Amino acid sequence: MREEKLLRLEGVVENIVYRNDENGYTVLEISDGEDYITAVGVMPQTGAGDKVVLTGVFTEHKSYGRQFSARACEVCRPSEAADILRYLSSGAVKGIGPSTAQKLVAEFGDSTLDIMENQPERVARLKGISNEKAMEFSARLKANAGIRTLMLYLGEYGISNTSAIKIYNALGTDCVKHIKDNPYILCEGSFGVSFECADMIAKREQMSNDSNVRIRAGIGYVLRHNEGNGHTCLPKEKLVQVATGFLQTAPDRVSECMEEMIFDRSLIADIVGGKEFVFTPQLHLNEMYIASRVKMMLSFPAEQEKDVERAVDELERSNGIQYAELQKQAIFAALSEGMLVLTGGPGTGKTTTLNAIIKILESRGKKVLLAAPTGRAAQRMSELTGNEAKTLHRLLEVSWDKNDKPVFNRNEKNRLKCEALIIDEMSMVDCYIFESVMRAVPPGCRLIMVGDSNQLPSVGPGNVLGDLTESGILPVVRLNEIFRQAQQSLIITNAHKIVNGQMPVLNRTDRDFFFMNRSVKSEVTEVISDLCQTRLPKAYGYSPFENIQVLSPSKKGELGTAELNHKLQARLNPASADKAEITVGGKLFREGDKVMQIKNNYDIRWFRENGETGEGVFNGDIGIIEKIDRKSKHMRVIFYDKTAALSFEACADLDFAYAVTVHKSQGNEFDAVIIPVCSGPPQLYYRNLLYTAVTRAKKTLILVGTPHTVEYMVNNNRQTKRYSALREFLTREDSLY
């Protein structure tokens with residue numbers, strides 16, 4: 001890719017057209033002495049009269065014409081009285097209008113800004129300006145100067161202005177000093193700064209590679225990185241080994257610093273399975289708390305329901321069905337025990353069993369709440385049970401703190417109002433969200449957890465369903481009989497073959513599971529494109545935007561989601577004069593594109609057709625871009641259960657969704673699923689991933705690739721090793737927290 005040549009533009013700010021104070025995005029007009037130029041970008045606080053030096057490129061905006069897109073902005077505060085008056089009158093300092101600006105400049109002249117910032121007591125002597133107001137003016141000027149200084153400092157290391165504003169808000173006015181003292185604080189928060197970048201700053205500040213600060217930060221960074229891989233902890237020996245290689249330092253130094261961190265509780269050490277493991281304090285607390293609450297609920301269970309056998313008989317008579325023995329066992333366990341884990345693959349009767357449990361409880365006046373990790377899973381749960389189901393975030397009434405961290409309003413002080421809580425798709429639930437659930441469950445409430453233990457584990461850290469199931473301390477019912485009606489589906493029977501290590505039937509063309517043999521990857525891509533664009537819509541009436549989903553094991557490569565999305569966008573939603581476009585983070589989004597939210601964003605407001613409103617768009621939500629509005633700098637996205645307006649900045653957390661990874665598809669079901677199976681990295685081509693992908697299809701499943709790849713995946717029973725301690729804490733006596 002050809003590198004853009006960055007230009008330098010100097011001028012005086014004439015007008016602030018738009019500014020978002022939260023992220024610093026600014027549209028301003030500057031005069032370079034000859035012409036007025038519109039400049040856009042993330043910039044420090046500035047006002048009319050400021051002298052600025054911008055670095056960036058000229059771009060052509062479809063609606064607004066030629067603009068200068070600033071990558072960096074250096075602001076020189078005005079020093080002469082006339083410029084200062086103009087600066088203050090422009091509203092650059094909140095609370096100061098033209099009349100107050102006139103009063104200040106008339107009194108202090110060229111020294112106005114310096115006196116306002118450093119001698120607020122003198123400002124407070126002026127008529128009409130209180131001491132409190134003078135202190136506010138001082139604080140705002142210091143903040144403006146601090147952000148400018150920070151942006152200049154961090155800009156040398158390629159850290160964006162957006163990140164700089166987050167860092168300033170978190171670290172305050174002395175942020176540069178804090179960073180110079182310990183650059184590694186930048187990679188400890190949610191600032192988007194890598195350890196390598198912090199390392200670069202540390203070297204510039206002449207910090208030793210062997211310093212305690214660096215080694216401690218590196219150990220923490222390795223732990224947090226592995227949290228992203230699903231681990232809640234790491235064996236101590238392994239952590240020393242990995243951190244030593246990562247930091248390129250001596251193992252003894254890593255061990256020494258790790259012991260210091262364990263001593264001062266920056267890290268927690270605990271024995272799991274006879275070996276010493278190391279945790280971050282938060283994840284240790286999560287798993288310990290979950291274990292203690294589970295054991296408490298087992299010790300003080302919900303009241304046992306009576307005459308359950310009679311109630312089951314009545315349901316069988318009234319509905320004309322016969323429950324299988326394992327289904328009855330699950331119903332009895334759910335109504336006689338305080339907790340139950342119900343697992344089973346597709347077609348084994350989980351929904352029928354759940355409906356029986358719900359009907360019996362509701363017939364006895366019990367309030368039952370239903371929830372699932374994702375919106376689509378909750379919607380499907382609602383459709384199958386006839387009862388409202390909510391996402392776990394919505395159930396727990398999520399809000400957010402100043403750092404965009406989720407805060408749940410349902411907790412120990414404000415518990416859920418119910419006698420039973422049923423959670424579906426438990427394989428997707430990580431230890432963070434499950435801890436929050438356990439804090440909100442009221443005493444005496446039944447907790448029924450439903451999932452498929454053969455599916456991929458949660459994206460977030462932990463192995464909650466697996467640890468609960470394998471702990472042996474709570475009732476578990478595994479449904480394994482495929483019912484006659486489900487046996488008619490080759491999707492279901494082949495899914496069970498796959499999970500049992502048998503080759504699926506690939507040579508049938510009269511059912512719902514099809515295999516198309518292609519050995520050349522370019523041919524696989526062409527077949528997938530043709531299926532989405534023409535063949536499936538023509539044969540079944542499927543929409544490529546609403547009914548068809550391509551699932552790939554990988555993001556990268558010719559058959560990865562990135563390349564497939566590029567090809568599918570060109571085929572399914574080509575450029576057109578009547579479709580607005582916007583490039584965000586290197587992705588060219590177009591009206592009509594199918595997109596997915598890839599990070600939780602609790603700030604985005606949404607609405608529904610029934611007038612309901614709320615906030616929050618979550619990782620995995622899929623939608624269609626309805627409108628791109630350059631004037632308001634927002635795009636409207638219709639998700640399956642809500643419509644939301646996303647600022648262009650927020651669109652950085654969108655990706656195309658014509659093709660998504662199997663991991664991202666969890667909790668969703670689609671009418672038609674297409675899966676490329678044509679060789680790839682062994683760590684991504686394994687049995688459970690293929691099984692999870694196949695079970696996402698409701699009506700039609702098509703594999704495109706080679707039988708050899710399918711056979712390889714079926715035989716590759718690679719169990720993703722996840723280090724977690726919940727099972728250990730559930731089975732030992734000292735886990736009360």
Side-chain angles (χ1 to χ4, degrees), residues 1 3-4 6 23-24 41-42 55 71-72 147 149-171 175-231 234 238-249 253-254 257-258 261 266-267 278 280 282-283 403-405 459-461 555-556 562 584-587 598-601 619 649-650 652-655:
M1 184 181 291
E3 287 191 18
E4 293 177 304
L6 296 181
N23 57 32
V42 176
T55 304
R71 309 292 170 80
I147 292 174
T149 303
L150 181 65
M151 285 182 170
L152 288 171
Y153 179 73
L154 295 179
E156 296 180 39
Y157 305 99
I159 298 173
S160 71
N161 287 351
T162 303
S163 294
I165 289 173
K166 285 185 181 179
I167 293 163
Y168 183 86
N169 290 338
L171 302 182
C175 51
V176 173
K177 179 181 182 304
H178 292 318
I179 293 167
K180 287 183 175 182
D181 290 343
N182 178 10
Y184 299 100
I185 57 176
L186 295 177
C187 59
E188 292 174 3
S190 55
F191 305 134
V193 178
S194 68
F195 186 89
E196 290 76 11
C197 184
D199 235 4
M200 187 164 58
I201 298 172
K203 285 175 183 171
R204 184 83 64 89
E205 298 298 334
Q206 298 185 325
M207 186 174 286
S208 167
N209 270 359
D210 212 27
S211 69
N212 276 25
V213 169
R214 179 176 185 269
I215 296 174
R216 286 171 66 104
I219 293 167
Y221 191 80
V222 168
L223 265 183
R224 289 191 300 277
H225 175 79
N226 278 278
E227 179 184 329
N229 293 330
H231 305 297
L234 287 179
K238 187 176 183 72
L239 180 55
V240 170
Q241 178 187 355
V242 173
T244 297
F246 176 68
L247 293 166
Q248 293 294 292
T249 192
R253 286 288 294 124
V254 172
C257 286
M258 193 179 299
M261 296 174 79
S266 299
L267 300 176
V278 179
T280 63
Q282 183 60 59
L283 282 169
N403 297 315
D404 278 349
K405 299 287 186 183
V459 175
K555 291 180 183 178
K556 300 177 181 178
V584 181
K587 300 169 197 161
I598 57 173
K599 288 183 182 177
N600 291 341
N601 188 323
N619 187 358
E649 293 88 355
D653 293 335
L654 285 180
D655 201 354

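Residue numbers start at 1 and run along the sequence shown. Please read all numbers here as calculations on a predicted model, not as lab measurements.
- Using a 4.5 Å cut-off on side-chain heavy atoms (C-beta onward), Asn212 and Arg253 make contact.
- Counted within 6.0 Å of CD on Gln241, heavy atoms from surrounding residues, nucleotides or ligands total 12 or fewer; the atom is thus considered open.
- Summarising the geometry of Ile219 relative to Met258, their closest heavy-atom pair is CD1-N, 3.9 Å, with the distance given to 0.1 Å.
- With Leu239 as the fixed residue, the side-chain contact (heavy atoms from CB on, under 4.5 Å) test singles out one of Asn226, Thr244, Val278, Val254: Val278.
- In this structure, CZ in Arg224 is found 6.0 Å from SG in Cys187, a value given to the nearest 0.5 Å.
- Between Leu186 and Leu154 the shortest side-chain heavy-atom distance falls below 4.5 Å.
- For the pair Tyr153/Lys180, a side-chain contact is recorded, criterion being any heavy-atom separation below 4.5 Å from C-beta on.
- Met207 and Pro183 get closest at one heavy-atom pair: CE-CD, 3.6 Å.
- We find that Asp210 and Arg214 are not joined by a salt bridge, their nearest charged nitrogen and carboxylate oxygen being 4.0 Å or further apart.
- A 4.5 Å side-chain heavy-atom check between Leu247 and Phe195 finds at least one atom pair inside the cut-off.
- More than 12 non-hydrogen atoms from other residues, nucleotides or ligands lie less than 6.0 angstrom from NZ of Lys587.
- Nearest heavy-atom pair across Tyr184 and Ala202 is OH-CB, 3.3 Å.
- Closest approach of Leu171 and His178 over heavy atoms only: O-CD2, 3.7 Å.
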Original post:
Taking it one step at a time, do Thr249 and Ile215 satisfy side chain to side chain contact (heavy atoms under 4.5 Å, CB included)?
Top reply: CA-CA 8 Å; Thr249 192; Ile215 296 174; 4.3 Å; yes
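- For the residue pair Cys257 and Arg216, the shortest heavy atom distance occurs at CB-CG, 4.1 Å.
- Interatomic distance, CD1 of Ile179 versus NZ of Lys177, reported as 12.0 Å (0.5 Å rounding).
- With values rounded to the nearest 0.5 angstrom, Leu223 atom CG is found 5.5 Å from Leu234 atom CG.
- Taken to the nearest 0.5 Å, the OH atom of Tyr221 stands 11.5 Å off from the CD atom of Glu188.
- Side-chain contact between Asn182 and Ile185 is present, with heavy atoms from C-beta onward closer than 4.5 Å.
- Rounded to the nearest 0.5 angstrom, Lys599 NZ and Asp655 CG are separated by 11.5 Å.
- Contact record, Val222 with Ala243: CG2-CA, 4.1 Å, taken as the closest heavy-atom pair.
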